[in-house]
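Chain letters run A, B, ... following the sequence lines, proteins first and then strands; every chain starts at 1.
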Amino acid sequence: MSHKMFDVAIIGAGPGGISAAARASQRNASHVLLEASDRHANTIQQYQKGKHVMAEPCQLPLRSDVEFRAGDRESILDKWEQTISNTEINIRYKAEVRSIVSKNDAFRIVLKTGQSLSTKNIILALGVQGKPRKLNVPGEEYPFVQTSLESADAYHQETIVIVGAGDSAIENAISLCSDNRVIVINRRNDFSRAKESNMNRIIKAIEIGQIECFYETTVDQIQQNPAESQMPGRIVLNTVDDVVAIDCHRIITRLGAIPSRKLVESVGVSFSSEAADSPPQLSQYYESNVPGVYVIGALAGYPLIKQALNQGYEVIEHLLGNPVKPADHPILQEKLKALPFGEDVDDRLMLIRQHLRLFREINPLNLRELVMMSKMTTYRHGEVIFSEGSYCSTFYNILQGKVQVQSEAGKTLTLKQGQFFGESSLISDRPRKVTVIADDDCILFETPPRIIKKLMRIEKSVRYGIDQVSILRSLNRLLRPIPKDIVRLIAKQTKIHRFAMGETLFQEGDCSDHLYLLRSGSVTLSRKNGKKNDVVGYYAADSFIGLMGLTENNHRLVTAQATVATEALSIPFADFNNLLTSNQKLRDKIQKETQNQLAKIPRMQAEPERGETLAYLMDHGLGQATNVLIIDESLCIGCDNCETACATTHQDVSRLDRKAGPTFNSLHIPASCRHCEHPHCMLDCPPDAITRLESGEVVINDDTCIGCGNCEDNCPYDVIQMTQLNQKLSLLDRLLGKKSEPTPKIAVKCDMCMDLKNGPACVNACPTGAAIRIHAEQAASSVNKILP
Amino acid sequence: MHQSFIRYKNYRYAVYATMLSFVVIIAYVLDAPYQPVNGGTFLGYTLGTLGAFIIVFLMWLGVRKRSYYSSLGSVTGWLSAHIYLGLALFLIATLHSGFQFGWNIHTLTYVLMCLVIGSGCWGIYTYLKYPSLMAQFRNESSHTEVSENLRDLDQQALRLATSIDKQSHELVADAIRRTDIGASLWAQLSAKDGSKLMINSDKQSTDTANIVDNKEQHALIVTLAGKLAGSTNVDEITSIQELLEITGNRAALLKKLQKEKQLQSLLQIWLFVHLPLSFALLAALAIHITTVFFYW
Ligand SMILES: Cc1cc2nc3c(=O)[nH]c(=O)nc-3n(C[C@H](O)[C@H](O)[C@H](O)COP(=O)(O)OP(=O)(O)OC[C@H]3O[C@@H](n4cnc5c(N)ncnc54)[C@H](O)[C@@H]3O)c2cc1C
Ligand code: HEM
Ligand code: SF4
Ligand code: SF4
């Protein structure tokens with residue numbers, strides 16, 4: 001390859017890369033755009049055929065030489081293709097970058113093909129899809145071997161071999177098996193890596209012979225089939241006891257993806273944390289800690305197309321010594337206008353950093369994003385900011401003024417500029433335990449829970465700051481009336497533990513030397529009874545667990561298991577006992593609690609059905625439900641009025657499936673949203689279309705959902721459907737005889753009938769009282785009644 | 001956790017209906033010595049008007065049940081009020097009649113009302129009895145699971161049959177196609193298995209095919225057994241044996257589904273009596289009221 005030195009090499013021809021290259025060519029900068037696959041925008045090429053691509057966030061202006069408007073996948077890709085050929089973009093396909101080395105103020109890029117090139121600057125626009133993992137066997141490059149499946153409808157009556165046992169392998173196998181012979185090659189002897197629902201589906205399909213499966217089998221090599229022209233391929237397998245060759249039309253390898261992070265780190269770019277979704281540390285011009293290396297798009301932590309396009313443009317302008325304000329600048333300016341301090345946007349951002357201790361150390365891009373997503377609100381003296389019992393988990397920092405925190409015990413606490421509050425509900429996702437009132441006129445910096453949680457994952461200083469204060473405040477609240485300085489001592493000994501769903505906190509019979517205070521999630525306690533385990537209690541956030549060893553012997557009487565992801569503070573017994581001897585009141589309180597927990601054990605053991613019912617409910621996600629539909633089968637007459645009511649009030653699509661879902665002891669949990677405390681569906685929604693309301697419900701915004709299907713995959717209870725809806729029409733439009741157009745396929749689920757005055761239509765329409773919607777705690781406490 | 005329509009809000013409407021009944025009885029007893037007992041007295045008119053309003057309210061359940069946007073109480077509450085007021089109506093209407101019966105429209109109205117109330121009581125009985133029976137019967141598998149299991153068995157049988165020969169494939173496919181465990185309400189109620197099977201008595205031609213009864217998949221099992229007896233190929237024998245076993249399982253599952261459908265239809269049939277009778281009652285009531293005012 002030429003020994004020419006490029007000004008900039010752009011790696012990855014997704015929206016970010018194309019936009020950067022287009023700008024570079026407009027400005028006659030010497031550039032090259034390197035793309036691993038044989039076509040542009042590989043991520044978008046892999047969307048489903050005909051997918052409607054949306055242009056969220058809609059308030060963000062587009063600034064790029066590449067055109068982009070919401071539309072179907074094909075027309076967008078065509079437009080971009082035209083842009084690439086009409087402008088003088090220097091693009092190279094099949095140019096996967098293998099390594100990058102820095103060499104005196106320049107970089108040397110080595111491609112998979114062995115070629116290499118030199119450049120002064122690098123823009124990494126690799127996206128987050130990663131590169132499909134390879135089999136590394138001979139023959140992998142034949143045209144009948146593919147790493148993805150665009151549309152299952154394209155194949156009929158073929159013999160297709162799928163290598164892999166994860167979710168995507170299973171989903172491909174299932175979608176192909178109705179019209180093709182499908183053979184799955186699994187390296188292991190089970191499908192435990194996949195989601196439970198997928199695992200059940202594939203096991204069943206194998207059982208009934210719809211799909212064939214080779215377990216504990218590896219691929220030896222791939223050959224061209226010498227005999228037959230119809231089936232071009234042949235795959236040679238090493239099974240447990242034999243070598244088998246299968247002739248086939250097609251081989252799909254689904255071995256997961258190798259994340260791009262490795263390549264990025266190898267240049268020396270550092271990431272903010274270990275978390276998988278943590279972006280690299282970048283300057284406000286998207287420059288990494290390695291001068292000359294820039295990161296943009298999804299890889300930089302911006303999950304939407306428009307953001308990637310804008311950033312491509314901005315980085316090139318910056319490189320040409322013509323830094324432009326980011327495209328979101330006017331929005332930010334408008335937002336920050338409310339602040340009484342600072343001159344321009346940058347000045348104000350700096351002052352926010354100075355005022356708010358918690359954010360002092362965070363990276364400038366993260367600060368920008370934080371401010372962008374937060375609200376600055378002024379409260380008048382005496383105004384209520386939130387009140388006890390409300391479900392919101394917004395996180396507040398005080399920019400100016402003072403607030404009063406009033407707890408149920410009648411205590412008040414004053415917080416001043418620079419301090420934060422609302423962390424307790426943020427962590428537990430439970431209703432507020434205190435009421436907060438503005439003391440002076442004050443300005444608060446209000447951050448939605450999703451944003452601050454992400455920040456806690458990727459910025460260590462934020463996590464640490466919140467954790468420390470939260471420990472101190474929880475202890476102060478629950479150990480009242482212990483003096484503050486003693487609490488401070490105990491807090492030093494207190495640790496935070498995180499348990500995954502199903503993990504045990506401690507086992508019956510374990511040596512016990514500390515107690516737990518739950519701060520989020522919930523646990524069930526159980527006790528051995530012959531061969532089985534009797535469930536003897538259920539405790540949610542703010543309960544003490546493991547008290548029983550405190551006064552009795554030093555062994556755990558019960559086993560404690562997390563019903564959902566749970567966080568607990570642990571306090572050593574020794575310190576705690578010291579505390580109790582010095583404080584009669586607290587001792588009485590703790591003794592009473594211990595007595596209650598102990599008394600419940602024999603009672604629950606005497607009526608094992610209660611424990612079993614409780615365990616069943618917890619197994620199906622009740623531990624994290626804000627609101628779950630439960631049908632009493634002994635009352636349900638099967639009239640389907642519940643589904644009809646739901647469909648009638650929700651654009652003709654019922655959001656509950658009465659007949660699906662588990663049943664135990666005549667309690668049936670239909671497939672319908674549980675409005676989880678930590679909604680899994682919200683974790684990975686690019687346009688942030690899913691929100692949790694103050695009253696606890698989780699709702700999806702029809703207008704901003706881009707239909708990517710992430711939430712459908714992430715919901716463990718299979719309650720989200722991707723479907724078309726008939727647009728809602730106003731009364732006026734209906735009177736004018738307007739017909740409603742179907743929307744593109746979007747995510748649809750229960751919205752708790754938030755638009756209806758009378759609450760959920762399903763429950764209201766049930767004639768016999770079989771259908772109810774209740775909170776986890778109501779369900780648990782009606783099974784797990786506390787002794788008088 | 002749940003509160004049935006019987007116990008709704010701790011028997012709120014049972015209490016109201018009982019109170020109303022007491023008031024009506026006391027009024028009747030106090031009024032009786034001074035008046036001739038019939039619908040024409042002041043109390044008679046009062047009770048009649050009350051009864052007519054109650055009937056209109058009871059009929060309104062059908063409307064409320066279909067107003068899914070309504071914020072006027074829950075349907076459970078409405079049904080609870082419906083049954084208790086319906087029962088109280090029996091007393092109110094009887095006292096309204098003053099026990100004066102004859103061969104006329106007035107008594108017809110009364111009798112129709114009694115039939116509606118009677119059928120309502122039958123409804124309560126079925127609502128309380130059958131759902132738990134059905135739940136027990138399904139034994140904690142969901143509806144979706146049961147029908148999925150059937151589909152799986154169908155597919156398994158077809159796959160096996162295809163691997164044997166074309167004829168077996170057609171036989172099994174036909175048996176599946178003609179499986180009928182009750183399409184009409186009547187067939188469901190009587191749990192009648194109407195499954196059929198087309199059998200070619202002459203193996204060579206399809207002209208001689210005739211359709212025979214395949215109740216409980218019996219004909220299919222017999223045909224397969226015959227084939228098994230005549231087969232000499234080892235592979236074929238194992239396949240047919242397996243197919244026979246699956247057919248047996250299929251027959252058992254079909255029977256179970258049929259039983260469930262029977263219970264479901266028993267749960268619904270009473271409403272086919274209650275509803276028409278209630279409309280007949282409404283018509284009779286209208287005539288009753290007009291004639292009374294006409295002769296006034
Ligand atoms: C199913 C789905 C639906 C979506 N729908 C929407 C939507 O409707 N609207 C929206 O705004 N966003 C949507 N998104 C998100 C959107 O796709 C991404 O935000 C966007 O593609 C990110 O652009 P990018 O340029 O950062 O990276 P990508 O688009 O991922 O492009 C990266 C490119 O780099 C190449 N590459 C990777 N590694 C190398 C290497 N080593 N050498 C050379 N080249 C390499 C890849 O082949 C690829 O072409 C959706 C995402 C998914 C998965
Ligand atoms: C004169 C008296 C009554 C009249 C006019 C009447 C009328 C009605 C009507 C119109 C419906 C609606 C059916 C539908 O639309 O699906 C109904 C349903 C019903 N009625 Fe009555 N009814 C009367 C008395 C009673 C009594 C006394 C009882 C019980 C003791 C009763 C029990 C029921 C039940 C259980 C339903 C079914 C509700 C459902 O499944 O949705 N009714 N009745
Ligand atoms: S959609 Fe699924 S994950 Fe999201 S709140 Fe509902 S049940 Fe929970
Ligand atoms: S409305 Fe009630 S009785 Fe009817 S199907 Fe739904 S839960 Fe069952």
Side-chain angles (χ1 to χ4, degrees), chain A residues 178 204-205 207-210 613 616-617 630-639 641-642 644-650 657-671 753 755-772 774 778-783, chain B residues 1-9 61 64-80 82 123 126-136 138-149 151-160 163 246 260 263-264 267-268 271:
Chain A
S178 56
K204 199 155 177 191
E207 237 169 55
I208 63 169
Q210 239 178 8
T613 309
Y616 154 75
L617 293 176
I630 301 186
I631 293 183
D632 183 346
E633 293 234 300
S634 68
L635 283 175
C636 173
I637 54 168
C639 64
N641 233 18
C642 42
T644 315
C646 183
T648 311
T649 50
H650 294 90
D657 184 350
R658 177 179 67 86
K659 288 182 174 165
T663 309
F664 178 78
N665 229 341
S666 75
L667 295 179
H668 175 61
I669 312 180
C753 293
D755 299 332
L756 298 185
K757 232 184 19 224
N758 217 23
C762 51
V763 172
N764 276 326
C766 175
T768 63
I772 54 171
I774 54 173
Q778 281 169 292
S781 71
S782 67
V783 185
Chain B
M1 229 182 279
H2 293 77
Q3 228 176 24
S4 69
F5 60 103
I6 302 285
R7 280 183 40 212
Y8 183 78
K9 299 246 158 113
L61 174 64
R64 171 60 187 88
K65 204 177 142 184
R66 288 166 186 77
S67 331
Y68 299 109
Y69 285 100
S70 168
S71 55
L72 206 65
S74 70
V75 175
T76 315
W78 272 75
L79 181 58
S80 194
H82 181 92
T126 61
Y127 278 17
L128 293 182
K129 179 171 170 205
Y130 292 113
S132 22
L133 260 185
M134 286 171 66
Q136 264 173 32
R138 266 197 311 276
N139 191 17
E140 288 172 11
S141 52
S142 68
H143 297 265
T144 328
E145 264 164 39
V146 175
S147 38
E148 265 174 19
N149 284 348
R151 232 192 12 248
D152 290 348
L153 283 177
D154 285 355
Q155 279 185 358
Q156 248 171 304
L158 264 179
R159 213 170 274 272
L160 265 172
S163 77
I246 289 172
E260 200 184 322
L263 289 172
Q264 182 70 47
L267 196 55
Q268 286 164 348
L271 204 55

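- Chosen from A:Ser666, A:Ala205, A:Gly209, the residue pairing most often with chain B at heavy-atom distances under 4.5 Å is A:Gly209.
- Of the listed residues A:Gly661, A:Gly759, A:Pro662, A:Pro670, the one with more heavy-atom pairs under 4.5 angstrom with chain B than any other is A:Gly661.
- In plain terms, the two heavy atoms of B:Tyr68 and A:Ala761 that are nearest each other are O-CB, 4.3 Å.
- For B:Gln3, the part sitting under 4.5 Å from any heavy atom of chain A is the backbone (N, CA, C, O) and nothing else.
- Here the shortest heavy-atom pairing between A:Thr768 and B:Thr76 reads C-CG2, 3.8 Å.
- Among all heavy-atom pairs drawn from A:Asn764 and B:Arg64, the shortest one is O-NH2, 4.1 Å.
- In this structure the side chain of A:Glu207 never reaches within 4.5 angstrom of the side chain of B:Gln156, judged on heavy atoms.
- Looking at every heavy atom in both residues, B:Ser132 comes nearest to A:Ser634 through CB-CB, 3.7 Å.
- Contact annotation for B:Ser80: neither backbone nor side-chain heavy atoms come within less than 4.5 Å of a heavy atom of chain A.
- Heavy atoms of A:Gln210 lying under 4.5 Å from chain B belong to its backbone as well as its side chain.
- Both the backbone and the side chain of A:Ile208 come within less than 4.5 Å of a heavy atom in chain B.
- Rounding to the nearest 0.5 Å places OH of B:Tyr127 at 7.0 Å from SG of A:Cys639.
- Put simply, the side chain of B:Tyr130 does not reach to within 4.5 Å of the side chain of A:Ile637, judged on heavy atoms.
- The CG atom of A:Leu756 lies 9.0 Å from the OG atom of B:Ser71; values are rounded to the nearest 0.5 Å.
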Quiz item: Could you go step by step and tell me if A:Asp632 and B:Met1 meet the side-chain contact (heavy atoms from CB on, under 4.5 Å) rule?
Solution: CA-CA 9 Å; A:Asp632 183 346; B:Met1 229 182 279; over 6 Å; no
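- Nearest heavy-atom pair, B:Tyr69 versus A:Thr648, reported as atom, atom and distance to 0.1 Å: OH-O, 3.2 Å.
- Heavy atoms of A:Asp755 lying under 4.5 Å from chain B are absent altogether.
- A donor-acceptor pair under 3.5 Å links the side-chain atoms of B:His2 to the main chain of A:Ile630, judged by distance alone.
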